[in-house]
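Take a look at the structure below.
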Amino acid sequence: GKPGQRPHLVYRGQVAVDPKTRCVAACLGERAEGYEGDALAPILDRTRFTLPELARVGADQGFAAERVWQDAADRKLVAHIPPQKTMLPRAGGRPGTNAQRLALAAKERAPTDAGVWAYRRPMADAEGVIAELKNHHGLDRVRCRGRPAFHVQLLLGCAAINLKIGRASCRERV
């Protein structure tokens, strides 16, 4: 924020975490405008480079949208992204649109063992990485102006986290 103005979010960092090794598989620094779910496609492209065996993706309700579920299905991935209540048809009603059909399918996947695991692990792993990036690697405040410079700052922070983990699988994947 500038003096006399309220602070506001200008950049947003997205991370993908491998739940087996708990290392950062991909990251993306972007401007904090528009829909958060639009970042999922580039993150999945980057993650597929480091994790070609990727079969499922989990995220919170902020990523829920027809285009996100459809993109995951086109990539032959199971998306464990719970829908928001406003996306579902009325109680007892049939889905009238493709978006409602995809939202109902996502809601049915949520209570399964795989759905619960895919939802809770990203909360523990990805949110832990984000907290560490903010608290220990200087991403609570952008140090340089411009999206490319922010992305470099995010890459350096993610690399530092992977080095701290020190597992051979992280070094092989990244």
Spacing of NZ belonging to Lys107 relative to NZ belonging to Lys85, to within rounding of 0.5 Å
9.0 Å
Rounded to the nearest 0.5 Å, the CD1 atom of Ile130 sits from the SG atom of Cys27 at a distance of 11.0 Å
Contact between Leu156 and Gln153 at the side-chain level, heavy atoms closer than 4.5 Å - yes or no?
no
Quick check: does any side chain N or O of Trp69 sit under 3.5 Å from a backbone N or O of Pro83, one acting as donor and the other as acceptor?
no
Are the side chain of Asp18 and the backbone of Cys23 linked by a donor-acceptor contact shorter than 3.5 Å?
no
Nearest non-hydrogen partners of His137 and Ala160, listed with the distance:
CE1-CB, 3.6 Å
In this structure, CG of Leu88 is separated from CZ of Arg101 (nearest 0.5 Å) by 13.5 Å
Is a side-chain N or O of Arg48 found less than 3.5 angstrom from the main chain of Arg75, in a donor-acceptor match?
yes
To the nearest 0.5 Å, tell me how far Leu77 CG sits from Leu54 CG.
5.0 Å
Can you give me the closest heavy-atom contact between Met87 and Gln100, atom names plus distance?
O-CG, 3.5 Å
Which distance, rounded to the nearest 0.5 Å, do you find between the CZ of Phe63 and the CD of Gln84?
12.0 Å
For Tyr35 and Ala65, the nearest pair of non-hydrogen atoms, with its separation, is OH-CB, 3.2 Å
Identify the heavy atoms of Glu66 and Ala99 that sit nearest to each other, and give their distance.
OE1-CB, 3.6 Å
Which heavy-atom pair separates Gly157 from Leu133 by the least distance, and what is that distance?
C-CD2, 3.5 Å
Is the backbone N or O of Gln14 less than 3.5 Å from a side-chain atom of Glu30, with the two atoms forming a donor-acceptor pair by type?
no
Distance-only, no hydrogens or angles: does the His80 side chain make a donor-acceptor pair with backbone N or O of Gly58 under 3.5 Å?
no
Between the CG atom in Leu102 and the CD atom in Gln70, the distance rounded to the nearest 0.5 Å is 5.5 Å
Hey, does Val57 have a side-chain heavy atom less than 4.5 Å from the side chain of Thr47?
no
Residue among Leu40, Leu154, Asp45, Ile43 satisfying side chain to side chain contact (heavy atoms under 4.5 Å, CB included) with Leu28
Ile43
Please report the closest heavy-atom contact between His151 and Arg46, naming both atoms and the distance.
CE1-NH1, 3.3 Å
